[in-house]
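All ligand and atom numbering here is 1-based and tracks the order in the structure.
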Amino acid sequence: MSQNSLNEKIIIGIESSCDETGIGVLKGNRILSNIISSQEDIHSLYGGVVPELASRAHVSRIDNLLHKALEKSKCKIEDIDYIGVTSEPGLKGSLLVGVSFAVGLAYSLKKDLYKVNHLHAHIAANYLNEDIEFPAIAFVVSGGHTSLFFLKDYTEFSLIGRTLDDACGEAFDKVGRMLNLGFPGGPKIEKEAEKGDENKIKFPVAILSKDSLDFSFSGLKTAVLYYIKENGLKNIPDICASFQKTVGDILCIKIKKAISKFPVKSFLLGGGVIQNNYLRKRIKEIFKDEKIKLFIPPKDLCIDNGAMVAILTKFLIKKGIPPSDLRIEVKPTK
Ligand code: KG4
Ligand code: ZN
């Protein structure tokens, strides 16, 4: 298909891998709508995502969300040309809701369906920017993952580093819970940290072996727990600032190591934790004197959303990758 005709196509992206239901509508390089229904209110009562409640909430919301997304984009259901959906990795029940919905839609509209990887979609949140040059490294920092990828082009991803235990966002959420800040912990820790002294408490920076691009956050999480056991909850802003600084140190050390190991032209960020202003600033500093171009998605494309799924779908079509079969199959997080 020519580039021009693909730019006229309406692609919808469906996301339901965890606790956000998202539907985005894309036409060419323009996001016509990107509606997200968060389940924060449901899961905050339990201090974390409850998988059964997540899938039920997706079921009750997804249909209405599609109508809202189409309405906002001034499209009708018959205008849809392609459908993209997250099919891996994530919570099994949650993924099944999005994939079943997408398969039903593809059957009834007789349109091609693309099942996509959630982490690749987080990276594709950058792809509306036409200045990206390859090869590139991409770094997804979210509630479920802390993963570094080498990208030969827009659709060829090789994993070069990952967390061996907790994900970075998971560490934010667990520390948030220890400090009684509520769920999700990330934004709350960021806010408390603004009032604190980041050099007040020394937490351990786990770098594993000298050459490793893998991560470990469980030692840091435990160090915060022991600090609270010994000192109580007297200075929450200092704990948050010192924890956040340590996370920043870990991410920056690994980013520097990755770009020294792989000569790349671009570095792409993605995932919910990348909404954090302090971490965005720390990472930007690394690239100030580098020839490598840094790309950071706007905050509404960092969280789980449907538009990033639609964008990745567009690049898969452009590459000539055949559509997926219409079986209702998912690959959940192990
Ligand atoms: O990408 P995402 O929406 O969902 C997953 O794919 O996991 O990321 C959610 C994660 C949560 O762990 C949340 O605490 C974290 O992103 N997060 C943040 C911030 N906002 C969200 N972490 C640090 N600072 C933030 N401002
Ligand atoms: Zn995500």
Side-chain angles (χ1 to χ4, degrees), residues 13-22 24 34 36-40 43-44 47-49 51 54 58 85-91 94-95 98 116-126 138-147 149 162-163 165-179 181-194 196 198 215 217 220-221 224 239-241 243-248 250-251 268-283 296-309 311-312 332-333:
I14 301 172
E15 160 59 40
S16 72
S17 65
C18 189
D19 60 340
E20 259 110 24
T21 327
N34 191 23
I36 300 165
S37 171
S38 161
Q39 302 177 7
E40 219 173 281
H43 304 292
S44 61
V49 178
H58 287 306
V85 64
T86 306
S87 67
E88 63 174 301
L91 298 171
S94 290
L95 288 167
V116 311
N117 178 296
H118 181 67
L119 302 185
H120 301 173
H122 269 303
I123 297 166
N126 293 287
F139 191 18
V140 180
V141 195
S142 70
H145 299 270
T146 312
S147 305
F149 292 90
R162 73 208 193 293
T163 181
D165 42 56
D166 290 345
C168 184
E170 191 180 353
F172 268 99
D173 293 336
K174 287 179 176 167
V175 168
R177 204 176 313 155
M178 292 173 203
L179 299 172
L181 294 177
F183 175 83
K188 283 150 186 144
I189 289 179
E190 180 179 9
K191 196 144 190 287
E192 287 294 326
E194 284 165 15
E198 66 175 38
F215 298 84
F217 289 100
L220 170 59
K221 176 192 70 185
V224 177
I239 300 174
C240 289
F243 165 77
Q244 187 175 259
K245 176 192 181 278
T246 312
V247 170
I250 297 170
L251 301 187
L268 320 178
L269 291 172
V273 177
I274 297 302
Q275 291 174 95
N276 184 295
N277 287 323
Y278 171 85
L279 296 175
R280 285 165 94 97
K281 197 163 146 246
R282 290 275 315 261
I283 297 171
I296 311 180
K299 289 188 183 180
D300 56 343
L301 290 181
C302 285
I303 46 171
D304 289 351
N305 69 90
M308 66 184 192
V309 176
I311 299 168
L312 178 58
T333 308

- Closest protein heavy atom to atom 18 (C) of ligand 1, given as residue, atom name and distance to 0.1 Å: Gly186 CA, 3.5 Å
- Indicate whether the side chain of Glu194 and that of Tyr278 have a donor and an acceptor atom separated by less than 3.5 Å. no
- Metal check, the Zn ion (ligand 2) vs His118 N/O/S, cut-off below 2.8 Å: yes
- Which atom of Asp304 is nearest the Zn ion (ligand 2), counting N, O or S only? It is OD1
- Query: Under the 3.5 angstrom rule, does the side chain of Arg177 hit a backbone N or O of Gly47 as a donor-acceptor pair?
  - Reply: yes
- Residue Gly169 vicinity, atoms of ligand 1 by number, heavy atom under 4.0 Å: 12 (O)
- Message: Can you report which non-hydrogen protein atom sits closest to atom 10 (C) of ligand 1, along with the distance?
- Response: Gly143 N, 3.4 Å
- Looking at atom 24 (N) of ligand 1, what's its closest protein heavy atom, distance included? Asn276 ND2, 3.0 Å
- Message: Would the distance check show the side chain of Gln244 and the main-chain N or O of Ala241 forming a donor-acceptor pair, the cut-off being under 3.5 Å?
- Response: no
- Query: If you count the atoms of ligand 1 from 1 in the order shown, which ones are under 4.0 Å from a heavy atom of His118?
  - Reply: 6 (O)
- Do Asn305 side-chain atoms and Ile303 backbone N/O form a donor-acceptor pair below 3.5 Å? yes
- Message: Counting non-hydrogen protein atoms only, what is the nearest one to atom 20 (N) of ligand 1? Give residue, atom name and distance.
- Response: Gln275 NE2, 3.3 Å
- N/O donor-acceptor pair under 3.5 Å between Glu88 side chain and Thr333 backbone: no
- Using a strict cut-off of 4.0 Å, indicate which atoms of ligand 1 neighbour a heavy atom of Glu190. 25 (C), 26 (N)
- Message: Could you check whether any side-chain N or O of Asp173 sits under 3.5 Å from a backbone N or O of Gly185, counting only pairs where one atom can act as donor and the other as acceptor?
- Response: yes
- Query: Looking only at atom types and distance, does a side-chain atom of Glu170 sit under 3.5 Å from a main-chain N or O of Ala167, one as donor and one as acceptor?
  - Reply: yes
- Item | Nearest non-hydrogen protein atom, atom 14 (O) of ligand 1 | Asp173 OD1, 2.6 Å
- Query: So, are Glu192 and Lys188 salt-bridged, with charged N and O less than 4.0 Å apart?
  - Reply: no
- Query: Within the stated cut-off of 2.8 Å, is an N/O/S atom of Cys18 closer than that to the Zn ion (ligand 2)?
  - Reply: no
- Subset of ligand 1 atoms that lie under 4.0 Å from at least one heavy atom of Gly144: 7 (O)
- Query: Pick one: which of Asn34, Asp304, Val116, Thr21 meets side-chain contact (heavy atoms from CB on, under 4.5 Å) with Glu15?
  - Reply: Asp304
- Task: Considering heavy atoms of the protein only, find what lies nearest to atom 17 (N) of ligand 1 and give residue, atom and distance to 0.1 Å.
- Result: Gly272 O, 3.7 Å
- Query: Under 3.5 Å, is there a donor-acceptor pair between the side chain of Arg280 and the main chain of Ile274?
  - Reply: yes
- Looking only at protein heavy atoms, which one is nearest to atom 15 (C) of ligand 1, and how far off is it? Val273 CG2, 3.9 Å
- When you measure from atom 4 (O) of ligand 1 to every protein heavy atom, which one gives the shortest distance, and what is it? Asp304 OD2, 3.1 Å
- Item | For His122, atoms of ligand 1 separated by under 4.0 Å from a heavy atom | 1 (O), 6 (O)
